[in-house]
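Worksheet for the structure shown next.
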Amino acid sequence: MSAFAEEDVVKRWESEQASLRQQVVEEDTEEWQRSLNFSGLERVGGVDLSFIKGDDVNACAQLVVLSYPDLEVLYEDSQMVTLTAPYIAGFLAFRETPCLLDALQRLEKSQPALLPQVVLVDGNGLFHYREFGLACHLGVLSGLPCVGVAKNLLQVQGVAKDNEHQSQIAALQKGGDSFPLTAASGKVLGKALRSSDSSSKPVYVSVGHKISLDTAVRLTHSCCRYRVPEPIRQVHKHTHTHTHKQTDAHIKSL
DNA sequence: GCGACAG
DNA sequence: ATCTTGTCGC
């Protein structure tokens, strides 16, 4: 895509983000979210795309639904997809949301009783250049509560990976400890969470839709057996095996 | 010129 | 995202 065409696309995407941003609900809306032990929560979803080395157009879109609190796989769906939108930092959602929505809609149509009550998304929610990352985008378009969980710190709105940040990380003693990610405006956009006792590198949690930040952090921690929360860890596993299965089938057919 | 740039 | 096995350490 030419630089001019990309500039044009970015302008349209920015205004679409600004418009959808208005619809984000940053508070708890569900009964189970108010409960101390999330009683009433039975299904947590995870979504992800995976790619093969030289190919950034064909991907495997995956949705898993885990039981809560046992975190056992109840449902999984894999679908090879062809992506049309390019990856542009800050606009990940335009690339990934359509096929993730498709996966949720397939489930809603075939087994609505298995729809997740909340979805953990690999990426950011409000912790984003324009406070509208992938988790918000998927949340608003699906209507489901969503949480953004990023594995790396996005340096945005004055939040930096500086010495202060490093020392805050060092101060996280045990799983569940966290500190806020505060924008230059003073707004808390997310939290860095030590997700388990055994991992010193935090994950970055932010509100996607229909959940408060504190609930999002508490939920994320309660889904962690290892550093990456189980719904996302499981969905990664499945996407990889399926991508490689498809690759093998493709190679065999040649 | 250099660093940053979710997945 | 993806390229990549074993290895050192708690």
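Only this structure's heavy atoms are used, side chains among them; waters, hydrogens and symmetry mates stay out. Protein chains get the first letters and strands the later ones, always in sequence-line order, with residue 1 at the start of each. Computed from a predicted structure; not experimentally measured.
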inquiry  = Please check this pair: side chain of A/Gln155 against backbone of A/Lys161, looking for a donor-acceptor N/O pair closer than 3.5 Å.
reply    = yes
Rounded to whole Å, CG of A/Asn58 lies from C1' of C/dA1 at a distance of 14 Å
Every stem of 3 or more Watson-Crick or G-U pairs under 3.5 Å that DNA chain C joins, in order of first number, is none
Enumerate the protein-to-nucleotides 4-7 of chain B contacts in which both atoms are nitrogen or oxygen and the separation is below 3.5 Å.
| residue | atom | partner | partner atom | Å |
| --- | --- | --- | --- | --- |
| B/dA4 | O3' | A/Gln155 | NE2 | 3.0 |
| B/dC5 | OP1 | A/Leu153 | O | 3.3 |
| B/dC5 | OP1 | A/Gln155 | N | 3.2 |
| B/dA6 | OP2 | A/Tyr87 | OH | 2.4 |
| B/dA6 | O4' | A/Asn124 | ND2 | 3.3 |
| B/dA6 | N7 | A/Gly90 | N | 3.3 |
| B/dA6 | N6 | A/Gly90 | O | 3.1 |
| B/dA6 | N6 | A/Phe91 | N | 3.4 |
| B/dA6 | N6 | A/Leu92 | N | 3.3 |
| B/dA6 | N6 | A/His128 | NE2 | 3.2 |
| B/dA6 | N1 | A/Leu134 | N | 3.0 |
| B/dA6 | N3 | A/Asn124 | N | 3.0 |
| B/dA6 | N3 | A/Asn124 | ND2 | 3.4 |
| B/dG7 | OP1 | A/Lys151 | N | 3.1 |
| B/dG7 | OP2 | A/Asn152 | ND2 | 3.1 |

List in chain and number order the residues that pass side chain to side chain contact (heavy atoms under 4.5 Å, CB included) with [X], two or more places apart in sequence or in another chain; answer none if no residue qualifies.
X	value
A/Ser167	A/Glu164
A/Gln79	A/Val81, A/Arg106
A/Asp56	A/Arg95

Item checked: Residues which pass ring-ring contact (aromatic ring centres under 6.0 Å, His included) with A/Trp13, listed by chain and number, not counting sequence neighbours ->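 So A/Trp13 forms a ring-ring contact (aromatic ring centres under 6.0 Å, His included) with A/Phe91, A/Phe94.
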Residue set satisfying ring-ring contact (aromatic ring centres under 6.0 Å, His included) with A/Phe179, at least two apart, ordered chain then number -> A/His165
Note on DNA chain B: ranges paired as stems (three or more Watson-Crick/G-U pairs in a row, both atom distances under 3.5 Å) are none
Practice prompt. May I have all residue pairs that pass ring-ring contact (aromatic ring centres under 6.0 Å, His included) and include part of residues 53-81 of chain A, sequence neighbours excluded?
Written response: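 Qualifying pairs, neighbours excluded: none.
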With sequence neighbours left out, the residues meeting salt bridge (charged side-chain N to carboxylate O under 4.0 Å, His left out) with A/Glu26 are A/Arg21, A/Lys187
- Task: Output all residues satisfying salt bridge (charged side-chain N to carboxylate O under 4.0 Å, His left out) with A/Lys174, sequence neighbours left out; order by chain, then residue number.
- Result: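 Result, salt bridge (charged side-chain N to carboxylate O under 4.0 Å, His left out) vs A/Lys174: A/Asp177.
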Show the distances under 3.5 angstrom between N or O atoms of the protein and N or O atoms of nucleotides 7-10 of chain C.
none

Using side chain to side chain contact (heavy atoms under 4.5 Å, CB included) as the criterion, point out the one residue from A/Arg43, A/Glu42, A/Gln111 that pairs with A/Leu74.
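Answer after filtering A/Arg43, A/Glu42, A/Gln111: A/Arg43.
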### Query
Looking at A/Asp214, A/Thr220, A/Thr182, which hits side chain to side chain donor-acceptor pair (under 3.5 Å) with A/Lys191?
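With A/Lys191 as partner, A/Asp214, A/Thr220, A/Thr182 yield a single side chain to side chain donor-acceptor pair (under 3.5 Å), made by A/Asp214.
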Check the pair A/Arg233 / A/Glu230 against salt bridge (charged side-chain N to carboxylate O under 4.0 Å, His left out), numbers first and verdict last.
CA-CA 5 Å; A/Arg233 205 174 75 84; A/Glu230 215 51 22; 3.0 Å; yes
